[in-house]
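What follows is a single structure, written as structure tokens, with notes after it.
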Amino acid sequence: MTVSDKCPFCNYDIPRTEVQCPHCARPSRFPNVLDASDDTEKQSLDRRHQTAIQEADVRGCGTQVRQFEAEAACSRAVLARSVLVVEQLATSDCQLYATYYKTIRAGVRVPTGEKWDKLRGVTDLALFGDKNKDQICFAALSLDSVGLDNYGECSLTARDDMIAHRASVFEENSVKFMERHKIAFAEAHDLPKGFRAPWDDRARLCTTKLAAAIHTTTTAADFPMLLLKPGKTSDDDDFVEVHIWGPMTVRTFERVIVRRKKNHPRKSILKALGERLKRYQVPLQVM
Amino acid sequence: MEAIISGQAGVALLLLGEERFASIHAGETDVLIPRSRGDFPFLFGGAGDLQFLEDASHADVIERFQIVQKQADALHLTLILLDPELSNEVRNDAADDLEDLYGLREILEHVECVLFARPLPLSADLVGALNLTDHDSFPRLRPFLLRLRDVQGIIRQVYSTWEQIAGGAFDAADPAREFAGAMVREGVFRDLVLALLNGTPIADVYLRVMINPHLTRLSNRRRILTDWFTRFSDLDEDSLPRSEEEGEERLADHEWDTRKAAEKRRSAHHRGIDREDVRSKIESQKTAIVALMRKSNLALTRKRIEELIAYQKTRGETVFICKSLCDLAQQAKDLGLHSLQLELTQRSIEEKPDDGWSWSQHADALLRNGRPREALVAYDQAEGFAGGVVTRNGRAETLRAMNRLDEALAAYDEAIRDFPEDVVARNGRAETFRAMNRLDEALDAYDQAIRDFPADIFARSGRAETLRAMNRLDEALAAYNEAIRAFPGDVVARNGRAETLRAMNRLDEALDAYNEAIRAFPDNVVARNGRAETLRAMNRLDEALDAYDEAIRDLPNSVVTRSGRAETLRAMNRLGEALDAYDEAIRDFPAEVVARNGRAWVLALLGRTHEALESLPVSFPVTAQDWIGFHMRGMIQLRRGDADTAIQTFQKGIELDANPSQRDFFCSALAVAQLRKKQYQMAREVIASIARPSLQVEVNLLNLHAFGALGDQNRAREAYELLSRRAPPQTLELAGELQRRYIFRLAPRHDDDWVLQAELECVRQAA
């Protein structure tokens with residue numbers, strides 16, 4: 001069953017998944033934000049949040065939890081990517097690179113055959129509907145601009161003003177959430193409520209999720225690791241997932257941090273990246 | 001196990017079994033991280049180079065992953081190297097890494113697969129990349145960049161034919177892109193470009209593509225590929241296999257034949273000779289000989305050639321000896337060693353008198369050595385031994401050099417009729433129109449050639465040159481700019497552009513353009529000479545001299561450079577040294593007329609006019625160079641005060657020189673002579689008959705004089721105003737003197753003799 005909204009301009013019904021009103025063509029609808037801003041979602045999250053705060057007060061760490069919430073309000077969406085993917089992002093408006101990278105990318109598909117079936121459903125990512133699955137980019141909330149480096153040695157911090165209107169947060173890795181709750185992809189539109197929020201409400205979602213892990217001895221220095229904890233395996237990764245709708249360019253980001261392992265990435269490539277990012281006033285830090 | 005690998009993402013995801021996954025990451029391939037399938041989009045998000053491996057072992061996956069990673073790095077580093085927006089420091093670092101990476105053939109081929117699929121965009125700085133990479137420090141990278149430069153025309157051709165096919169074969173952009181993407185990844189574009197470059201059969205490429213298992217899933221591939229491949233001339237659709245099975249069979253047969261041929265070559269057929277080894281030795285000897293030619297060590301060059309011939313005589317058929325001699329003759333020609341070129345081709349026809357190719361090469365050598373009549377005879381011989389289109393074109397070129405322009409045109413028309421796919425004949429025909437001063441027809445002919453052969457740079461340069469001859473300089477400049485954009489690796493267009501800027505009197509820009517051309521093509525003598533000439537035109541004579549000295553040191557085999565240096569010394573009034581320089585040039589290039597004519601003028605300036613006239617040919621002029629010598633004769637006669645004889649000489653030239661494009665040079669010289677004789681009205685009429693657009697400066701100067709002397713101040717003023725817009729520096733003093741006399745009506749600063757000499761110099765420089 002498709003959820004419908006009313007267009008705020010022409011007042012006609014629009015399916016939630018449409019990014020533009022089919023009647024009056026007014027654009028800039030972000031289905032993920034609309035889903036997260038749904039009244040029932042908000043009410044469910046409110047209830048859970050209230051419960052979490054009350055429990056924290058009872059345990060005597062209400063101050064720490066509120067402090068965490070204040071910090072979480074300043075958290076950033078951080079994407080983890082490989083350096084070559086970041087380089088492509090940084091050169092996406094340069095014809096020289098775009099010409100050749102487009103040709104490589106064209107037509108890459110998971111092959112047919114039984115061996116590859118186990119990946120087919122994942123690549124479809126039905127969470128956002130078949131139509132819009134390619135529009136979503138995944139990130140993690142971070143307090144120190146470092147992302148999950150098991151997914152890429154570069155952490156790209158998105159600018160607030162570039163994503164706030166089109167980003168939503170989910171309490172954990174959404175695919176794992178669905179696996180854990182045994183929710184089939186066909187039912188993805190009907191997830192349990194209260195586990196997602198629009199960007200501006202992320203702090204409350206973080207608090208709701210993590211209040212139970214905050215104690216009286218928890219300090220501000222512990223907050224970054226609390227919010228984003230890379231594990232030995234991806235099953236052990238713990239983070240708040242960010243869904244950002246739409247395209248990104250180098251101008252979407254405010255900072256890039258690279259973790260070098262042994263001789264990777266190459267210094268020559270990092271130097272080129274640094275030079276390019278400098279042009280866009282995006283600092284590059286190599287650790 | 002199965003695996004998904006991405007060099008861009010720097011990760012390999014292993015599918016270990018039912019719902020069991022693990023990843024390996026760049027920089028830590030010994031660490032296996034357990035994964036779930038939900039990680040897939042996070043691991044590969046943004047990467048476009050996914051590869052899917054089936055039935056691979058762990059070791060296979062790691063090996064493949066490491067290669068794929070290097071391939072991704074190499075591609076990106078190559079783009080960094082080509083990126084003009086990055087600092088040289090960054091680009092140098094990229095070059096260093098690439099030199100290592102290109103040690104692996106698979107890496108280089110991968111980059112070629114991608115870069116050969118599209119022409120380089122305008123933002124690619126290949127010239128800059130070449131400048132950063134000398135051969136000694138980058139023995140792998142530099143040849144790759146040179147090859148990338150040299151195949152741009154072919155890439156453009158292959159890509160444009162693909163675009164034409166894709167436009168009609170697919171209903172939407174996505175399927176077209178998917179098809180093309182698969183072609184790129186499997187190296188089809190690359191294979192096609194290389195086949196066209198090397199002249200190997202395109203049918204072989206077609207066969208390999210048809211049986212490639214990674215491409216079998218593409219729908220309509222047979223129809224699309226057949227349509228595409230048959231656009232390239234050597235492929236006949238009826239000869240293509242009708243099914244994959246037939247294709248496999250034929251490929252297997254072809255590979256068997258190739259193996260058998262290789263075995264045959266290696267067999268005891270030639271008394272136990274290993275043909276590959278012999279071929280390799282011969283190539284190595286030829287390389288050494290060419291190196292000696294470059295150093296102008298001709299005695300040793302000849303010795304080594306004899307050794308090579310002796311070696312080949314004991315190990316092969318005569319036809320291979322002729323091939324070696326002709327190859328070396330071509331090299332000698334490219335280096336300006338025309339005498340040596342002639343020796344080598346003479347030897348070749350002696351070794352095998354019935355070899356059409358040798359006769360054709362010999363004819364070319366005769367022409368380069370100023371013996372066009374013999375060249376014609378040699379071409380007839382070549383034709384008798386089935387010479388082909390090269391012989392036909394060569395013959396037409398010889399006729400043109402002999403000023404037999406109608407016959408040259410007819411010869412080109414015949415060649416075009418019999419060889420419609422040959423672009424050289426088309427360009428030759430256009431050039432002949434230009435020599436006939438039929439510039440509109442020349443332009444049309446070039447336009448047609450460009451339409452039919454869009455990948456040919458010579459047609460584009462020829463068109464631009466024609467526009468320049470028509471004095472449509474802005475259009476010529478635009479045409480050169482376009483040619484450079486389409487063929488960034490071509491030096492002819494760059495030189496043409498610089499020359500056009502010089503003709504427009506934009507000398508600073510011309511200098512910059514030559515400097516750029518030299519940076520990209522340091523061994524190009526035309527660019528070096530052009531730069532020196534531009535410095536001379538700017539009156540920066542010391543720098544011009546230095547530039548010529550440098551060019552002679554680096555490229556000793558150019559008579560134009562030697563003459564240019566002598567001319568610069570003349571301009572500096574160092575006439576004795578100019579004479580010595582001409583003497584040296586004539587000694588080293590006895591067949592070259594340019595140096596003789598220049599020397600004659602210097603003798604005349606030294607007052608040794610009798611000697612000057614003696615040094616010029618007395619026989620009836622035949623070639624264009626002969627007529628230039630005849631023109632010089634008239635100029636020297638005029639200089640020594642014999643205006644009447646000079647007038648007769650110039651009138652003969654007008655009447656008898658069959659090359660209409662040279663007629664105007666005789667007219668301008670005749671006008672100078674008539675002005676000297678105060679025959680102003682006659683001079684006016686002759687000046688009015690000058691049609692050559694590139695002589696406008698001279699026409700305006702002479703008009704200024706003639707109208708002024710006739711008392712027609714308005715028209716004199718008009719001529720002066722036209723002149724002042726484009727007058728090069730060396731004409732300013734003369735223009736000022738004439739203005740002073742005839743417009744301001746002031747007492748002259750210089751006498752009439754000075755005016756005559758200045759006008760003569762002006763007309764001589766334009767010729």
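Here is the naming used below: chain letters follow the sequence lines, and residue numbers restart at 1 for every chain.
- Neither the backbone nor the side chain of B:Val11 comes within contact range of chain A; no heavy atoms are under 4.5 Å apart.
- Counting heavy atoms of neighbouring residues, nucleotides and ligands inside a 6.0 Å radius, atom NZ of A:Lys267 does not exceed 12 of them.
- Residue B:Leu86 holds its CG atom at 10.0 Å from OG1 of A:Thr91, rounded to the nearest 0.5 Å.
- Annotation for B:Gly27 and A:His264: closest pair CA-CB, 3.8 Å, computed over non-hydrogen atoms.
- Of the inter-residue distances, the one linking A:Tyr151 atom OH with B:Arg35 atom CZ reads 5.0 Å to the nearest 0.5 angstrom.
- Here A:Arg276 pairs with B:Asp83 in a salt bridge; the nearest charged N to carboxylate O distance falls below 4.0 Å.
- At a 4.5 Å heavy-atom cutoff, the contact between B:Glu85 and chain A is made by backbone and side-chain atoms alike.
- Expressed to the nearest 0.5 Å, how far OG of A:Ser268 lies from CG of B:Asp73 amounts to 7.5 Å.
- Judged by distance alone, with hydrogens and angles left aside, the side-chain atoms of A:Glu275 form a donor-acceptor pair with the main-chain N or O of B:Ser87 at under 3.5 Å.
- No more than 12 heavy atoms of other residues, nucleotides or ligands lie within 6.0 Å of CD in B:Glu63, so this atom counts as exposed by the packing criterion.
- Proximity to chain B (any heavy atom under 4.5 Å) is restricted, for A:Arg279, to the side chain, taken from C-beta onward.
- Per-residue counts of heavy-atom pairs under 4.5 Å with chain A were compared for B:Asp96, B:Asp93, B:Asp125, B:Leu82; the largest is that of B:Asp93.
- The contact between B:His76 and chain A is made by backbone and side chain atoms together, counting heavy-atom distances below 4.5 Å.
- No cation-pi contact links A:Arg81 to B:Phe44, judged by a cut-off of 6.0 Å to the six-membered ring centre and 45° from its axis.
- For the set B:Ala26, B:Gly10, B:Ala72, B:Ser23, the entry with the most heavy-atom pairs within less than 4.5 Å of chain A is B:Ala26.
- Taken from CG in B:Asp97 to CD1 in A:Ile269, the straight-line distance is 7.5 Å, to the nearest 0.5 Å.
- Looking at B:Gln8 and A:Ser82, their side chains never bring a donor and an acceptor atom within 3.5 Å of each other.
- Inter-residue side-chain proximity for B:Leu101 and A:Arg266 is flagged as met; some heavy-atom pair is nearer than 4.5 Å.
- Annotation: side chain of A:Glu87 is in contact with side chain of B:Ile80 (closest heavy-atom distance under 4.5 Å).
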